[in-house]
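In this chain, numbering begins with 1 at the start of the sequence shown. Whatever order the structure lists them in is the order used to number ligands and atoms, beginning at 1.
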Amino acid sequence: MPHRISIRPAAASDVDNIHDLLQPMAKAHVILPRSRDDIFEHLQEFLVATYDRTLAGVAALHVYGTNLGEIRSLVVAPELQGHRLGSMLVDACERWAKGLGLARLFALTYVPAFFVKKGYHVVSKESLPHKIWTVCIHCAKFSQCDEVAVEKRLSDAPIQPMKMIPILEALERD
Ligand SMILES: CC(C)(COP(=O)(O)OP(=O)(O)OC[C@H]1O[C@@H](n2cnc3c(N)ncnc32)[C@H](O)[C@@H]1OP(=O)(O)O)[C@@H](O)C(=O)NCCC(=O)NCCS
């Protein structure tokens with residue numbers, strides 16, 4: 001029987017599972033820590049991937065001004081990595097960002113090779129606006145950030161918001 005994979009906006013009932021998925025990666029300093037309260041406050045930024053109805057991946061899209069967005073908190077459960085869930089979450093964030101009229105997406109990451117496969121380019125951290133660093137004060141490595149900045153241009157000009165966001169449609173794969 002084929003596995004059912006779906007990408008959908010996060011719901012309040014997902015918060016504990018999102019927190020449990022992010023926590024070990026935050027402890028390993030792979031992503032910034034997110035408390036349950038922080039996840040609740042930013043719940044509308046989160047997408048989740050489910051694998052046979054189990055929460056298996058998460059990503060957040062944070063919008064800055066001037067057509068710029070950031071993919072944050074991208075994590076796939078270790079036992080389900082390599083099944084393209086990470087790729088599908090990034091695709092969904094991009095579709096969402098395009099629908100919002102954002103021209104560029106960036107991420108700060110230890111896995112630039114994954115993002116390069118998704119069409120991102122490595123850029124200098126100094127090329128990103130100063131305001132993106134405000135959340136980084138919560139990072140243990142703030143003074144010696146060794147993450148790599150990657151960026152993708154989604155469009156040459158902002159586009160009109162879509163009438164319906166396609167990420168709301170469940171995706172099915174074998
Ligand atoms: C990075 C991560 C999200 C990738 O998710 P995934 O579902 O395992 O990746 P996918 O199966 O979608 O892989 C898509 C492609 O990227 C490649 N890829 C995946 N992880 C990679 C990595 N760490 N380095 C290089 N390439 C990678 C895959 O081989 C695949 O390549 P292909 O298209 O040639 O077959 C996942 O490994 C993860 O959660 N890592 C720990 C947390 C983390 O580092 N998050 C990023 C924070 S910005």
Please work out which of Phe114, Tyr110, Phe115 has its closest non-hydrogen atom nearest to atom 4 (C) of ligand 1. Phe114

Of the listed options His83, Arg84, Met88, Lys117, closest to atom 35 (O) of ligand 1 (non-hydrogen atoms):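 Considering heavy atoms of His83, Arg84, Met88, Lys117, the nearest to atom 35 (O) of ligand 1 sits in Arg84.
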
Test of understanding: given a 4.0 Å heavy-atom threshold, classify the contact between Ser87 and ligand 1 as side chain, backbone, both, or neither. both

Contact between Lys152 and Arg104 at the side-chain level, heavy atoms closer than 4.5 Å - yes or no?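 Heavy-atom side-chain distance check fails, nothing below 4.5 Å.
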
What protein heavy atom is closest to [atom], reported as residue, atom name and distance in Å?
atom: atom 25 (C) of ligand 1; answer: Ala113 CB, 3.5 Å
atom: atom 48 (S) of ligand 1; answer: Thr109 OG1, 3.3 Å
atom: atom 1 (C) of ligand 1; answer: Val111 CG2, 3.8 Å
atom: atom 43 (C) of ligand 1; answer: Val30 CG1, 3.5 Å
atom: atom 38 (C) of ligand 1; answer: Gln81 NE2, 3.4 Å
atom: atom 7 (O) of ligand 1; answer: Gly86 N, 2.8 Å

Taking 4.0 angstrom as the limit and counting only heavy atoms of [X], give me the atoms of ligand 1 inside it, by number and element.
X: Val76; answer: 5 (O), 7 (O), 38 (C), 39 (O)
X: Leu108; answer: 48 (S)
X: Leu74; answer: 3 (C), 42 (C), 43 (C), 45 (N), 46 (C), 47 (C)

Show me the pairs that pass salt bridge (Lys or Arg N to Asp or Glu O under 4.0 Å) and involve residues 67-76, at least two apart or across chains.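 Listed once each, the pairs are Glu70-Arg72.
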
Below 4.0 Å from any atom of ligand 1, is there a heavy atom belonging to Gly82?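 It does, in that a heavy atom of Gly82 comes within the 4.0 Å cut-off of ligand 1.
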
Report yes or no: do Arg8 and Thr50 form a side-chain donor-acceptor pair below 3.5 Å?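 Note: Arg8 and Thr50 side chains miss the donor-acceptor criterion.
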
side-chain hydrogen bond (donor to acceptor under 3.5 Å, both in side chains) between Ser87 and Lys118: does it pass, once the steps are laid out? CA-CA 7 Å; Ser87 189; Lys118 301 295 300 170; 2.6 Å; yes

Return yes when at least one protein heavy atom is under 4.0 Å from atom 46 (C) of ligand 1, and no when none is. yes

Do any N/O atoms on Val75 end up under 3.5 angstrom from N/O atoms on ligand 1?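 No, no N or O pair falls under 3.5 Å.
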
In plain terms, say whether Arg84 and Asp91 are close enough for a salt bridge, that is, a side-chain N and a carboxylate O under 4.0 Å apart. no

Please round to the nearest 0.5 Å and tell me the distance separating atom CH2 of Trp96 and atom CG of Leu47.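 Nearest 0.5 Å value for the CH2-CG distance: 4.5 Å.
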
Between Asp52 (side chain only) and Arg4 (backbone N and O only), is there a donor and an acceptor less than 3.5 Å apart? yes

Return yes if some donor-acceptor pair links the side-chain N/O of Thr54 with the main-chain N/O of Ala56 below 3.5 Å, else return no. no

Are more than 12 heavy atoms from other residues, nucleotides or ligands located less than 6.0 Å from atom NZ of Lys27?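 Open.
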
Give me the other members of the hydrophobic cluster that Val123 sits in, counting Ile, Leu, Val, Met, Phe, Trp and Tyr linked by side-chain heavy atoms under 4.5 Å, directly or via other members. none

